[in-house]
Amino acid sequence: MPGTLEELSSSKAFGGNLIKYRFKSAALGGLDAKFNLFLPANAETSNVPVIFFLAGLTCTEDNGAQKGNFLGPAAKEGIAILFTDTSPRGAGIEGEDDDWEFGTGAGFYLDATNPKYALYYKMRTHIQFEIPQVLEISGLPIDVKRMSIFGHSMGGHGALCIYLASKSQQFRSASAFAPISNPINAPWGQKAFAGYLLTGLNEAKEQYDATELISRHSDPVHILIDYGTADQFYKAGQLLPENFLDAARKAGYDEAQVRVREQKGHDHSYYFVSTFAEDHVHFHAKFLKA
Ligand SMILES: N[C@@H](CCC(=O)N[C@@H](CSC=O)C(=O)NCC(=O)O)C(=O)O
């Protein structure tokens with residue numbers, strides 16, 4: 001059972017408030033977990049829908065909130081945005097801080113099965129089940145029946161996988177900025193899966209690869225993806241959005257259900273994310289307000 005929410009700070013923004021919370025996370029082995037929640041002005045009088053934002057490697061709950069340009073569009077739509085962290089903090093596992101691509105800041109939105117990490121590295125459970133449960137019992141003005149999910153890079157991978165794993169039911173829509181779309185075939189994914197999972201790529205293929213998941217999916221989906229042609233990680237073969245698109249089309253999903261947009265000249269940074277942030281919030285608003 002997660003602990004009660006403690007408010008750490010609150011900043012007024014776009015007529016609403018960005019609030020930082022902390023709680024003891026059962027999913028993360030009893031460690032403290034934080035998230036930022038943007039509540040628009042209309043949350044003072046009614047429960048509002050929410051979009052979860054999952055950030056990328058090296059990030060915390062602050063990167064998307066501070067640099068993503070999501071708060072203004074969310075205020076206009078009357079939708080909350082919840083910014084999660086990217087890994088447990090302070091597990092004290094030998095080697096977890098040696099490398100920016102693995103360990104702290106790089107939880108890869110999976111539930112570790114390697115005993116070395118399994119007690120603390122349960123980011124999938126934390127995001128998909130624990131935080132919604134915390135919202136439900138906290139009395140915050142969030143309608144947990146109206147949730148969508150998006151993310152950047154490693155967070156795009158997390159958003160797509162959580163959405164598809166929940167059979168596109170728990171979250172109404174998913175979108176991603178430069179997602180790691182086929183991690184079993186990318187160096188970042190291969191490294192994470194080899195470290196966190198007992199059977200590595202076998203487990204990953206089943207649960208943690210958006211391209212594999214969409215190829216086996218048959219329920220209706222609402223997915224939007226943007227990536228930039230000048231993205232250094234795209235060029236290095238870490239993202240592979242074409243593989244996801246190809247698998248989606250082969251599985252019978254057309255442009256109305258899975259839209260993948262190539263954005264000319266954009267890189268991997270939050271300048272790219274913030275350029276298309278409003279578009280993504282509007283995309284989710286259609287389904288959250290339906
Ligand atoms: N080692 C570098 C690069 C790390 C980096 O670019 N991280 C991206 C996400 S990459 C995929 O998940 C990021 O979002 N960085 C934070 C930011 O605010 O831009 C480094 O440590 O900078």
Side-chain angles (χ1 to χ4, degrees), residues 18 20 34-36 38 51-71 81-89 95-110 112 121 123-124 126-127 149-163 174-197 204 208-211 224-244 260 262-263 265-277 280:
L18 181 72
K20 186 181 283 288
K34 292 182 195 159
F35 62 84
N36 285 313
F38 174 70
I51 315 175
F52 282 37
F53 179 81
L54 278 51
L57 294 164
T58 72
C59 291
T60 69
E61 71 281 3
D62 289 333
N63 297 66
Q66 292 173 353
K67 301 202 293 187
N69 187 33
F70 297 115
L71 308 191
I81 312 265
L82 191 147
F83 301 89
T84 67
D85 203 349
T86 55
S87 75
R89 303 277 161 184
E96 74 176 336
D97 295 327
D98 291 355
D99 183 347
W100 66 274
E101 297 173 326
F102 187 84
T104 305
F108 242 80
Y109 301 105
L110 50 71
Y121 280 73
M123 288 303 287
R124 165 62 71 85
H126 174 63
I127 308 261
I149 188 161
F150 59 3
H152 172 226
S153 195
M154 176 183 73
H157 143 76
L160 293 172
C161 288
I162 289 172
Y163 176 68
S175 76
F177 305 86
I180 307 171
S181 308
N182 187 198
I184 59 170
N185 289 314
W188 277 337
Q190 289 165 345
K191 181 171 184 166
F193 300 145
Y196 292 129
L197 302 176
Y208 303 122
D209 185 285
T211 297
L224 171 66
I225 292 174
D226 280 309
Y227 69 95
T229 57
D231 181 324
Q232 66 276 33
F233 298 124
Y234 167 65
K235 291 198 262 186
Q238 295 280 19
L239 308 181
L240 307 172
E242 294 90 351
N243 293 3
F244 180 81
V260 178
E262 176 190 86
Q263 302 294 357
H266 279 278
D267 63 19
H268 198 73
S269 70
Y270 272 87
Y271 296 114
F272 158 66
V273 174
S274 57
T275 301
F276 299 101
H280 283 237

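Starting from 1, each residue takes its place in the sequence as its number. All ligand and atom numbering here is 1-based and tracks the order in the structure.
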ask   = Can you tell if the side chain of Ile162 reaches within under 4.5 Å of the side chain of Leu54, non-hydrogen atoms only?
value =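 Answer yes - side chains close enough.
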query = Does His266 reach the side chain of Tyr271, with side-chain heavy atoms less than 4.5 Å apart?
reply =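 Answer no - side chains too far apart.
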For [atom], grab the closest protein heavy atom and report residue, atom and distance to one decimal in Å.
atom: atom 4 (C) of ligand 1; answer: Trp100 CZ3, 3.5 Å
atom: atom 6 (O) of ligand 1; answer: Phe233 CE1, 3.6 Å
atom: atom 7 (N) of ligand 1; answer: Leu57 O, 3.0 Å

ask   = Is a side-chain donor or acceptor of His152 paired with a backbone partner of His268 at a separation under 3.5 angstrom?
value =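 Between the backbone of His268 and the side chain of His152 there is a qualifying donor-acceptor contact (under 3.5 Å).
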Ile184 backbone acceptor or donor facing Gln190 side chain under 3.5 Å =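 Yes; judged by distance alone, with no hydrogens or angles, the pair exists.
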ask   = Can a non-hydrogen atom of Glu101 be found less than 4.0 Å from any atom of ligand 1?
value =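 It does not, in that no heavy atom of Glu101 comes within the 4.0 Å cut-off of ligand 1.
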key: Proximal candidate to atom 10 (S) of ligand 1 [heavy atom criterion; set Ser153, Ala55, Pro179, Gly64]   =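 Result: the heavy atom closest to atom 10 (S) of ligand 1 is in Ser153.
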task = Identify which of Cys59, Gly158, Gly56 has a heavy atom lying nearest to atom 14 (O) of ligand 1.
result =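 Heavy atom nearest to atom 14 (O) of ligand 1 belongs to Cys59.
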ask   = Under 30°, 30 to 60°, or over 60°: which ring-plane class applies to Phe193 and Phe108, parallel, tilted or perpendicular?
value =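 If you compare the ring of Phe193 with that of Phe108, the planes turn out perpendicular.
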ask   = How are the rings of Phe177 and Phe272 set to each other: parallel, tilted or perpendicular (split at 30° and 60°)?
value =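 Phe177 vs Phe272 ring planes: perpendicular.
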Any atoms of ligand 1 less than 4.0 Å from a non-hydrogen atom of [X]? List them with their elements.
X: Tyr270; value: 14 (O), 17 (C), 18 (O), 19 (O)
X: His152; value: 14 (O)
X: Trp188; value: 10 (S), 11 (C)
X: Met154; value: 11 (C), 12 (O)
X: Thr58; value: 4 (C), 7 (N), 15 (N), 16 (C), 21 (O)

Salt-bridge present (Lys20, Asp62; N to O < 4.0 Å) =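 Yes, Lys20 and Asp62 are salt-bridged.
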query = Purely on distance, is any nitrogen or oxygen of His268 under 3.5 Å from one on ligand 1?
reply =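 Such a contact does not occur with ligand 1.
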task = Decide whether an N or O pair under 3.5 Å exists between Lys67 and ligand 1.
result =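 It does: an N or O of Lys67 is found under 3.5 Å from an N or O of ligand 1.
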query = Do protein heavy atoms approach atom 22 (O) of ligand 1 to less than 4.0 Å?
reply =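 For atom 22 (O) of ligand 1 the answer is no, since every protein heavy atom stays at 4.0 Å or beyond.
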ask   = Which is it for Tyr109 and Thr86 under the side-chain contact (heavy atoms from CB on, under 4.5 Å) test, yes or no, and what are the steps along the way?
value = CA-CA 7 Å; Tyr109 301 105; Thr86 55; 3.4 Å; yes
task = Report the C-alpha separation of Asp85 and His126 in whole Å, then their side-chain angles, then the decisive distance to 0.1 Å, and conclude whether the side chain to side chain donor-acceptor pair (under 3.5 Å) test is met.
result = CA-CA 10 Å; Asp85 203 349; His126 174 63; over 6 Å; no
